[in-house]
Amino acid sequence: MCPSDNNPGLARQASDWAKANPGKTAMYGAAGIALAVPALISGPLLAAAGFGANGIAAASLASAVQSGIGNVAAGSAFATLQSAGMAGYGAAVVNGAVQVGGAALAASATALRGARTQSPFDKTWSYFKTERCNNGLCPETLSKSGKSLGWIMEGLQALWDRIPIGVIGDLFTSVSGWVKSVKTKGMKTEY
């Protein structure tokens, strides 16, 4: 990676990514809250269902369920939820379940992130840019290095020559589809 990746511009990149990926941003945010502070999720949900700090709230979902089951067995799911609502032993169980859900949500967001594929153009440029910086050819590094233009050009040519054939093959096979897409949108191309 380029040395410039470790600067305040990273916050701008993260902000840009969040704007471009609002669904994934929301998933990561919710997962982070669930993992770090599960009570922020479980508390309001328990209260909304009627599991309050003073017991079961009248005319709530919890009171309807309790009237249907009658006597509540100790250690049952209902008893655990009631205990959680009253900040008892059940809070640890419910908050743990929220954290497991948060971890699953984060894993889902990560899986979705991997599902989006880069275009062959982006993949080629990304490879070249990463390798350029890994080989001391970042603009930020070069401006302070005093290297000659010839040295820089030779280094860039060597990197270009080492791009994996699969990346170049993907780029080559995608060009006709890209040209067709451009023409379909009414844009002009020389090809």
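Note that the structure is a prediction, hence the values are computed from the model and not measured.
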Any link between [X] and [Y] through a network of hydrophobic side chains (Ile, Leu, Val, Met, Phe, Trp, Tyr) touching at under 4.5 Å?
| X | Y | answer |
| --- | --- | --- |
| L81 | V93 | no |
| Y28 | L35 | no |
| V94 | V100 | no |

**Prompt:** Of the non-hydrogen atoms in G75 and T80, which two are nearest, and what is the gap between them?
**Reply:**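 Shortest heavy-atom separation between G75 and T80 comes out as O-OG1, 4.0 Å.
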**Message:** Could you report the tightest heavy-atom contact between A34 and G102, atom names first, then the distance?
**Reply:**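 So the two residues come closest at CB-CA, 3.7 Å.
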Scan the side chains in residues 82-90 for donor-acceptor partners under 3.5 Å anywhere in the protein, sequence neighbours excluded, and list what turns up.
residue : atom : partner : partner atom : Å
S83     : OG   : Y89     : N            : 3.0
S83     : OG   : G90     : N            : 2.8

**Residue pairs, two or more places apart or on separate chains, that pass side chain to side chain donor-acceptor pair (under 3.5 Å) and touch residues 97-106** =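 Passing the test, one end in residues 97-106: no pairs.
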**Request:** Name all pairs fulfilling the side chain to side chain donor-acceptor pair (under 3.5 Å) condition that reach into residues 45-68, sequence neighbours left out, sorted by first residue then second.
**Result:**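 Counting only pairs at least two positions apart or across chains, no side chain to side chain donor-acceptor pair (under 3.5 Å) contact touches residues 45-68.
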Show me, pair by pair, the donor-acceptor contacts under 3.5 angstrom made by side chains of residues 38-49, not counting sequence neighbours?
residue : atom : partner : partner atom : Å
S42     : OG   : P38     : O            : 3.3
S42     : OG   : N95     : OD1          : 2.5

**Prompt:** Pairs in or reaching into residues 47-82: which pass ring pair (Phe, Tyr, Trp, His ring centres under 6.0 Å), with residues at least two apart or in two chains?
**Reply:**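 For residues 47-82: F51-F78.
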